[in-house]
Protein chains: 2
Amino acid sequence: MSDHYTPAEIVHRFGFSHDTLRYYEREGLLSQVERAPSGHRRYRASDVELLDLVRCLRDTDMPIARLRAFAELVRAGDHTVPERLEVLQAHAERLADRIAELRARQDAIHHKIDYYKGVLALDAGVDSPAVLENG
Amino acid sequence: MSDHYTPAEIVHRFGFSHDTLRYYEREGLLSQVERAPSGHRRYRASDVELLDLVRCLRDTDMPIARLRAFAELVRAGDHTVPERLEVLQAHAERLADRIAELRARQDAIHHKIDYYKGVLALDAGVDSPAVLENG
DNA sequence: CTGCCCCCTGGAGTGCACTCCAGGTCAACC
DNA sequence: GGTTGACCTGGAGTGCACTCCAGGGGGCAG
């Protein structure tokens, strides 16, 4: 381990494919990644740090465009911290909403599952099962 | 209100667009929807019931292909209830995993937010702020 | 010297889920 | 009778996020 990471190491670490990493770079999520004399990329600690956040935000469905905007703020310097904070807080809010929605839907699905289980239980126990109310 | 619903009523009720409803029909999520003599669609209670579930499952990211498979089971008759149950249970499991992942990411994002808040607090109170550990 | 592997490039292709469009029908209202 | 509005059709187009491809280079093991 030296002060940089090869593409393969990054692929392994984050689970992004080579192509996805190049795509992110093209899209401005990563600033120009350093190169070895051979032309091969050398990812640095700052890239890794940003990719960590990218992983987190992509996994929570932040679109690429917003990630690029965030990355640009990071590049613009420390004075953009308030704006970055706003971006993250807005995202956290949407995420909380999304989780709440998923949980509500999850409840509905479990009700449906229970309904089907009821149907099966009746089927198993009775020759001609009664009609069941679908909740 | 009669025993059927117009396309506009369905659009209003579920928030699916006309085009999306037609797309779902083409994709086999709804079986052939009844028509008025004019050719206009007439959605019935059974369509509404299925659309309710479609809303639920789409909102929790079940792909169209799996929804079609489910719809086919529904059409095939009551003997497919065990299979439908399996589909729903598998989906519920994926959904629980997804929610757990989102919550984990949510924690990480909140840590990042707290970190940025710390930076700002230091900025506000100190002329030359100390370096802060990024968690 | 010969493979072989890892990596490079620009650009084209893919999959999914819609979404839009042009042109037409039908019923109702003025 | 004309206009309006809701709806119809098949098919093309869109947006997003990758993902794949063909062709090429550098460096090292055998």
Side-chain angles (χ1 to χ4, degrees), chain A residues 1-2 4-44 47 50-51 53-71 91 94 98 101 105, chain B residues 1-2 4-44 47 50-51 53-71 91 94 98 101 105:
Chain A
M1 290 288 158
S2 48
H4 64 263
Y5 303 83
T6 65
E9 282 166 347
I10 297 294
V11 165
H12 181 75
R13 174 160 183 167
F14 289 103
F16 294 128
S17 71
H18 284 277
D19 275 322
T20 297
L21 287 168
R22 292 198 315 108
Y23 167 68
Y24 284 174
E25 199 179 333
R26 273 203 307 281
E27 291 297 314
L29 270 59
L30 272 56
S31 41
Q32 281 294 82
V33 174
E34 272 191 56
R35 300 306 178 101
S38 64
H40 291 196
R41 284 175 181 77
R42 281 178 170 171
Y43 294 91
R44 308 232 287 158
D47 297 318
L50 193 50
L51 280 172
L53 191 52
V54 167
R55 213 342 131 216
C56 204
L57 297 176
R58 275 302 298 137
D59 282 356
T60 52
D61 300 321
M62 182 180 286
I64 300 295
R66 216 184 331 269
L67 271 163
R68 175 174 43 238
F70 186 90
H91 183 67
R94 273 188 298 269
R98 177 68 178 144
E101 189 194 2
R105 301 301 191 184
Chain B
M1 288 289 156
S2 49
H4 64 264
Y5 304 83
T6 66
E9 283 166 346
I10 298 294
V11 163
H12 180 76
R13 174 159 183 167
F14 290 102
F16 293 129
S17 71
H18 284 277
D19 276 323
T20 298
L21 287 168
R22 294 196 316 106
Y23 166 67
Y24 284 175
E25 198 178 334
R26 272 203 308 282
E27 290 297 313
L29 269 58
L30 272 55
S31 42
Q32 281 296 80
V33 174
E34 273 191 56
R35 300 307 178 99
S38 64
H40 291 197
R41 284 175 181 76
R42 282 178 171 172
Y43 295 91
R44 310 235 288 155
D47 296 319
L50 193 48
L51 280 171
L53 191 52
V54 167
R55 210 345 128 218
C56 203
L57 296 176
R58 275 301 300 138
D59 281 357
T60 52
D61 300 320
M62 182 181 285
I64 299 294
R66 216 184 332 268
L67 271 164
R68 176 174 42 238
F70 187 89
H91 183 66
R94 274 188 298 270
R98 177 69 178 142
E101 190 194 1
R105 301 301 190 184

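Keep in mind that this is a model prediction, so the values were computed, not measured. Quick note on labels: first sequence line is chain A, next is B, and so on, each numbered from 1.
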Mind checking side-chain hydrogen bond (donor to acceptor under 3.5 Å, both in side chains) for [X] and listing every partner two or more places apart, or none if nothing turns up?
{"X": "Arg66(B)", "answer": "none"}
{"X": "Ser17(B)", "answer": "Thr20(B)"}
{"X": "Arg58(A)", "answer": "none"}

At a cut-off of 3.5 Å, list every protein nitrogen or oxygen paired with a nitrogen or oxygen from nucleotides 12-19 of chain C, distance to 0.1 Å.
from, atom 1, to, atom 2, distance (Å)
dA17(C), OP1, Ile64(B), N, 3.3
dA17(C), OP2, Ile64(B), N, 3.4
dC18(C), OP2, Tyr24(B), OH, 2.8
dC18(C), OP2, Arg58(B), NE, 2.9
dC18(C), OP2, Arg58(B), NH2, 3.3

*With sequence neighbours left out, write down each residue that passes salt bridge (charged side-chain N to carboxylate O under 4.0 Å, His left out) with Arg44(A), or none if nothing qualifies.*
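Result, salt bridge (charged side-chain N to carboxylate O under 4.0 Å, His left out) vs Arg44(A): Glu34(A).
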
May I have the distance from [X] (atom [atom1]) to [N] (atom [atom2]), rounded to whole angstrom?
{"X": "Ile10(A)", "N": "dC8(C)", "atom1": "CD1", "atom2": "P", "result": "12 Å"}
{"X": "His4(B)", "N": "dC7(D)", "atom1": "NE2", "atom2": "P", "result": "11 Å"}
{"X": "Arg42(A)", "N": "dC7(C)", "atom1": "CZ", "atom2": "P", "result": "13 Å"}
{"X": "Tyr43(B)", "N": "dC7(D)", "atom1": "OH", "atom2": "C1'", "result": "10 Å"}
{"X": "Glu9(B)", "N": "dA6(D)", "atom1": "CD", "atom2": "C1'", "result": "12 Å"}
{"X": "Leu21(A)", "N": "dT9(C)", "atom1": "CG", "atom2": "C1'", "result": "16 Å"}

_With sequence neighbours excluded, residues passing side chain to side chain contact (heavy atoms under 4.5 Å, CB included) with Phe14(B)_ =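 Per chain and number, Phe14(B) pairs via side chain to side chain contact (heavy atoms under 4.5 Å, CB included) with Ile10(B), Phe16(B), Val48(B), Leu51(B), Asp52(B), Arg55(B).
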
*Partners passing side chain to side chain contact (heavy atoms under 4.5 Å, CB included) against His12(B) (at least two apart in sequence or in another chain)*: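 Once residues adjacent in sequence are excluded, His12(B) has no partner under the side chain to side chain contact (heavy atoms under 4.5 Å, CB included) criterion.
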
*May I ask you to check if Arg13(A) and Tyr5(A) form a cation-pi contact, with NZ or CZ under 6.0 angstrom from the six-membered ring centre and within 45° of the axis?*
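Yes, a cation-pi geometry holds between Arg13(A) and Tyr5(A).
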
*Give me the residues of residues 33-41 of chain B where at least one heavy atom lies under 4.0 Å from an atom of DNA chain D, by number, or none.*
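Arg35(B), Gly39(B), His40(B), Arg41(B) - these, ordered by number, are the residues of the stretch whose heavy atoms sit under 4.0 Å from the strand.
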
*asked:* For Tyr43(A), give me all partners under ring pair (Phe, Tyr, Trp, His ring centres under 6.0 Å), at least two apart in sequence or on another chain.
replied: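 So Tyr43(A) forms no ring pair (Phe, Tyr, Trp, His ring centres under 6.0 Å) with any residue.
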
